[in-house]
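Residue numbers begin at 1 in each chain, while the letters A, B, ... track the order of the sequences.
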Amino acid sequence: MPALASLVCGFIFGLGLVISRMVQPTKVLGFLDVFGIPSGTWDPSLAVVMAAGLAVTGIGYALLRPRTPIFDSQSRWPTATAIDRPLLTGAALFGIGWGLVGLCPGPAIADLATLSPGVIVFVIAMAIGMAAHDLWQSRAAAQLERKFAGLTAADG
Amino acid sequence: MANFTPISAAIGGALIGLSAVLLMLFDGRIAGISGILGGLLNPQTKDRAWRAAFVVGLIAAPVSAVLAGYAVPIPQMPKSFITIAVAGLLVGFGTRLGSGCTSGHGICGIARLSPRSIAATMVFMVAAIIVVALTRHVIGG
């Protein structure tokens, strides 16, 4: 049942991307191109998408905050609060990639449906980037653990 | 503002919000695409089913739209596959390092008024705006 609910949610999300035309990278770039403001070609659609999405999510989350979900014992609200270097570096790297093509993860996945070779290359590279990050993180964690184990052994 | 499509943008945005609210209502999860996808790709993840189902739904939406006679545009991408691959790597690595993307931080995080998500969204927006300014108006000419 949780997977079925998630399938429906993914479908609604995808419809939102199709209807808002955020599946078209040039539409996103039309928003990011601020030189279009003085020349009159700027496309503020993405800002409207975000505003509408935020209004619905803001109200919905406020109502759901004290409740437990239907198919799980607890809601997984994010708990991190620190505005730290990984957050800002990661956001900057993501922004550079987003600006180069005009695709972020949601539209990239939805656009796989078009079987466009460019999108397929993008999604494969994105998956490699994600896996590379997680591999790097788990290696760093293992190294730290070894160092810690070495220290406690020396103490003992 | 000849390309501005406020009505379809508002309807589409509201649907994205609805999806985020329903995923929290039913599964207690944040609708962050990079988090859902990253978890799916990580071999240590145990909760694969709902993640895979979300991705399937996301791809099924444009397919269904086409079958229903709705025109889904062919994505216009840069000519260079190297540019595309570099962008994909940056988006993948960056969203995992920064714990979110346009959906997780930009919609779900800001909706919770998370200072972390507000900061991340400002940074990726500004970075993207600078890159577009450089590629379209400085390098691209």
Side-chain angles (χ1 to χ4, degrees), chain A residues 2-3 5-7 9-16 18-20 24 26 32-33 35 43 45 48-49 52-53 56-58 60-61 64 69-70 72 75 83 86-87 90-101 104-106 109-111 113 116 118 121-122 125-126 129-131 133-134, chain B residues 3 5-6 9-10 12-17 19-24 26-28 33-34 38 41-42 49-50 53-54 57-59 61-63 65 73 75-77 81 84-85 87-98 101-103 107 111 119-120 123-124 127-129 131-132 137:
Chain A
S6 180
L7 179 80
C9 290
F11 189 82
I12 297 171
F13 197 107
L15 280 188
V18 169
I19 291 171
S20 65
Q24 181 55 272
T26 48
L32 295 171
D33 188 354
F35 279 80
D43 182 356
S45 302
V48 176
V49 174
V56 173
T57 312
Y61 275 8
L64 293 176
I70 294 171
D72 206 337
S75 297
I83 299 175
L87 178 86
L93 293 176
F94 162 47
I96 294 168
W98 190 34
L100 279 174
V101 171
C104 52
I109 298 296
D111 273 337
S116 148
V121 169
F122 184 89
M126 182 171 79
M130 288 179 165
H133 169 267
D134 290 9
Chain B
N3 303 315
T5 50
L15 284 173
I16 292 169
S19 162
V21 173
L22 290 178
L23 193 65
M24 185 53 75
F26 285 105
D27 291 5
I33 310 301
S34 60
L41 293 168
N42 192 317
W50 76 273
F54 193 97
L58 195 52
I59 300 172
V63 174
Q76 285 175 263
M77 303 283 285
F81 279 117
I84 293 172
L89 284 171
L90 288 169
V91 170
F93 192 90
T95 51
R96 290 302 279 163
L97 182 64
C101 58
T102 359
S103 51
I107 301 278
V123 169
F124 66 64
I129 286 168
V131 167
V132 172
H137 303 282

Problem set entry | Between A:Pro86, A:Ala5, A:Ser75, the one whose heavy-atom pairs under 4.5 Å with chain B are most numerous | A:Pro86
Exercise. How about A:Phe94 and B:Thr102: do any of their side-chain heavy atoms sit closer than 4.5 Å?
Worked result: yes
For this session: Output the option from B:Val91, B:Val123, B:Val63 having the highest count of non-hydrogen pairs under 4.5 Å with chain A.
Result: B:Val91
Problem set entry | 4.5 Å side-chain heavy-atom contact, A:Phe11 and A:Leu7 | no
Exercise. At what distance, to the nearest 0.5 angstrom, does OG1 of B:Thr95 lie from CH2 of A:Trp98?
Worked result: 12.5 Å
Exercise. So which of A:Val121, A:Asp111, A:Asp72 has the largest heavy-atom pair count under 4.5 angstrom toward chain B?
Worked result: A:Val121
Problem set entry | Exercise: identify the closest heavy-atom pair between B:Leu58 and A:Gly106 | CD2-O, 3.9 Å
Exercise. Who among B:Phe81, B:Trp50, B:Phe26 has the most heavy-atom pairs with chain A under 4.5 Å?
Worked result: B:Phe26
Exercise. Hey, does the side chain of B:Gln76 reach the backbone of A:Gln24 with a donor-acceptor pair shorter than 3.5 angstrom?
Worked result: no
Problem set entry | Contact origin within A:Leu64 toward chain B - heavy atom pairs under 4.5 Å | side chain
Seminar exercise, completed: Per-residue tally against chain A (heavy atom, under 4.5 Å) across B:Ala120, B:Pro75, B:Gly98, B:Ser103 peaks at B:Pro75
For this session: Kindly indicate, with the supporting measurements, whether the criterion side-chain contact (heavy atoms from CB on, under 4.5 Å) is fulfilled by B:Leu41 and A:Asp134.
Result: CA-CA 9 Å; B:Leu41 293 168; A:Asp134 290 9; over 6 Å; no
For this session: Identify which of B:Ala20, B:Pro6, B:Ala49 forms the greatest number of heavy-atom pairs closer than 4.5 Å to chain A.
Result: B:Ala20
Exercise. Between B:Ala128, B:Ala127, B:Ala10, which residue shows the highest count of heavy-atom pairs closer than 4.5 Å to chain A?
Worked result: B:Ala128
Problem set entry | Check: A:Ser45 side chain, B:Thr5 main-chain N or O, donor-acceptor pair, under 3.5 Å | yes
Exercise. For B:Ala65, is it the side chain, the backbone, both or neither that has a heavy atom under 4.5 Å from a heavy atom of chain A?
Worked result: side chain
For this session: Would you confirm whether A:Ser6, through its side chain, and B:Ala53, through its main-chain N or O, come within 3.5 Å as a donor-acceptor pair?
Result: no
Seminar exercise, completed: Honestly, the part of B:Ile84 sitting under 4.5 Å from a heavy atom of chain A is both
Exercise. Relative to chain B, which segment of A:Ser116 carries a heavy atom at a distance below 4.5 Å: side chain, backbone, both, or neither?
Worked result: side chain
Exercise. Picking from A:Gly60, A:Pro2, A:Cys104, which has the most non-hydrogen pairs under 4.5 angstrom with chain B?
Worked result: A:Pro2
Exercise. In terms of heavy-atom pairs under 4.5 Å with chain B, which of A:Thr26, A:Asp33, A:Ile96 leads?
Worked result: A:Asp33
Exercise. Who wins among A:Gly14, A:Ala110, A:Ala91 for the most heavy-atom pairs under 4.5 Å with chain B?
Worked result: A:Ala91
Problem set entry | B:Ser34 side chain vs B:Arg96 backbone, donor-acceptor pair below 3.5 Å | no
